[in-house]
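Just below is one structure, and these are the notes that go with it.
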2 protein chains.
Amino acid sequence: MAERKPRKDAARNRMAVLAAADALFAGHETPEDITMADVAAAAGVGKGTLFRAFGDRTGLLRALYETRLEPVREAVASGPPPLGPGTEPRRRVPALLDAVLCFKLDNRRLALALEEDGSGSPYRAEHYARWHGLLREALERVPGLTDGDFTAHALLAAVRADLVEHLAGREGVPREELRARLAEFVDRVLDGGPGAAGP
Amino acid sequence: MAERKPRKDAARNRMAVLAAADALFAGHETPEDITMADVAAAAGVGKGTLFRAFGDRTGLLRALYETRLEPVREAVASGPPPLGPGTEPRRRVPALLDAVLCFKLDNRRLALALEEDGSGSPYRAEHYARWHGLLREALERVPGLTDGDFTAHALLAAVRADLVEHLAGREGVPREELRARLAEFVDRVLDGGPGAAGP
DNA sequence: ATACGATACGGACCGAGGGTCCGTTTCGCA
DNA sequence: TGCGAAACGGACCCTCGGTCCGTATCGTAT
């Protein structure tokens, strides 16, 4: 059941591909004009190597994504408040969404590439399930809020890569303004609903 | 500058393609395994004809989509309340979103195909601009609500085709339940925010 | 009716890109 | 240093969106 360690040329090539792909995606306007052949060439590697290491295009994207996501996941899993566990939900939910937004702002092209990659909708990705589960759990502990499940989906939809790209990229909304707008929206959702308007 | 009437064989073929495409998308699980050649064959037409009539894949999808959307647009533009104009915003906003949701439920495959079609993000489509403009305008008249622009984006994100497909299709959430969940979420957004929790 | 220009037809053809295959090279262990 | 296993790499294949152009059809002027 234990996967044995890969040969060291394999490991080296894997790193080279990851680095090359990262640079390529960062440097190009749109993700879909970077071909697998481009990545292989930039990494100084054959296409066969690339596909053996990552399976397919989606696999490469996912590997890159997970790498970048690592620090955020760490902060969420065991960092200090307001992101870390043990934060009271009403405060943690906005922090989580802000973290997702910032992540997508910092990795626009990559997130975009992964989300619009045809193979399966974004909703099947396991990282989506993680965020959704986390959020739902937190939401269900917010007093007065019913249906944390749908609310989690809806809130995550507000930070989808292509929307972020549209606002931050095409419409040129500055980072801090976008964060503020999202924060306000999240606050509305958390404070609204039946009972909130009561005396 | 007036486009002259098309030849009648052209018109007939256009209809045939539209009908064939409609049937194909309705009958297949996933949109991307329907090729342009499939559509042409099903319509009893050559590929050349298909591409001359619609330009490209996106053009075909858009034409289909607009056709289906027509009644809804009509109801919004000049129908009775709560969808039509002249409805007070607080009541119209949920109605608009419910209409979008229902439309996507009734045209799941098609909406999915159009949204995940690589050519440009969904946010560049002019029908998105229409919905967004309409919603923003209505939202800006809802008392206590600031930033109708972002709110409109966020609310529309909650009814995106792939999310709807995920919930209604993959998770099997029944139509009415989904509508109820969305309605509740929209209400939270509309009633929440600063001031709503007043004295 | 007929001739003729304009328009549309249709399927062979093309190029791009994701993914595979397999002869050759490298690794790592004894 | 020998040898089997693992990895390499790029030629190759296939699908699919999109184009091209010789042929068929339409509509109109005569």
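Proteins come first, then strands; the chains are lettered A, B, ... in the order of their sequence lines, and each starts at number 1. Values in this document were obtained by computation on a predicted structure and should not be read as measured data.
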Trace of the salt bridge (charged side-chain N to carboxylate O under 4.0 Å, His left out) decision for A:D106 with A:R175: CA-CA 10 Å; A:D106 293 335; A:R175 179 188 183 94; 3.0 Å; yes
Test log, rule salt bridge (charged side-chain N to carboxylate O under 4.0 Å, His left out), inputs B:R130 and B:E66: CA-CA 12 Å; B:R130 266 204 312 277; B:E66 294 295 330; 3.6 Å; yes
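Using a 4.0 Å cut-off between charged side-chain N and carboxylate O, B:D162 and B:K104 make no salt bridge. Salt bridge A:E184/A:R181: absent, no basic N to carboxylate O contact under 4.0 Å.
Relative orientation of the A:Y123 and B:H166 rings is parallel, given thresholds of 30° and 60° on the angle between their planes. Note on ring orientation: taking the six-membered ring where Trp is involved, the planes of B:H132 and B:H153 are parallel (angle under 30°, cut-offs 30° and 60°).
Residue-to-nucleotide contacts include a donor-acceptor pair under 3.5 Å from the side chain of A:R7 to the base of D:dA6.
Comparing A:G55 and B:G46 by the nucleotide of DNA chain C whose heavy atom lies nearest to each, the residue mapping closer to the 5' end is B:G46. Heavy-atom distances to DNA chain D give each of A:A11 and B:D9 a nearest nucleotide, and the one nearer the 5′ end belongs to A:A11.
Rounded to whole Å, the distance from CZ on B:R52 to C1' on C:dT7 is 9 Å. At whole-Å resolution of the value, NZ in B:K5 and C1' in C:dT7 are 15 Å apart. The separation between B:N13 atom CG and C:dC9 atom P is 5 Å, rounded to whole Å. Distance NZ (B:K8) to C1' (C:dA6): 15 Å, rounded to an integer number of Å.
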Annotated protein contacts, base or backbone, on nucleotides 11-17 of chain D with a non-hydrogen cut-off under 4.0 Å, one of B, S, - each: -----SB
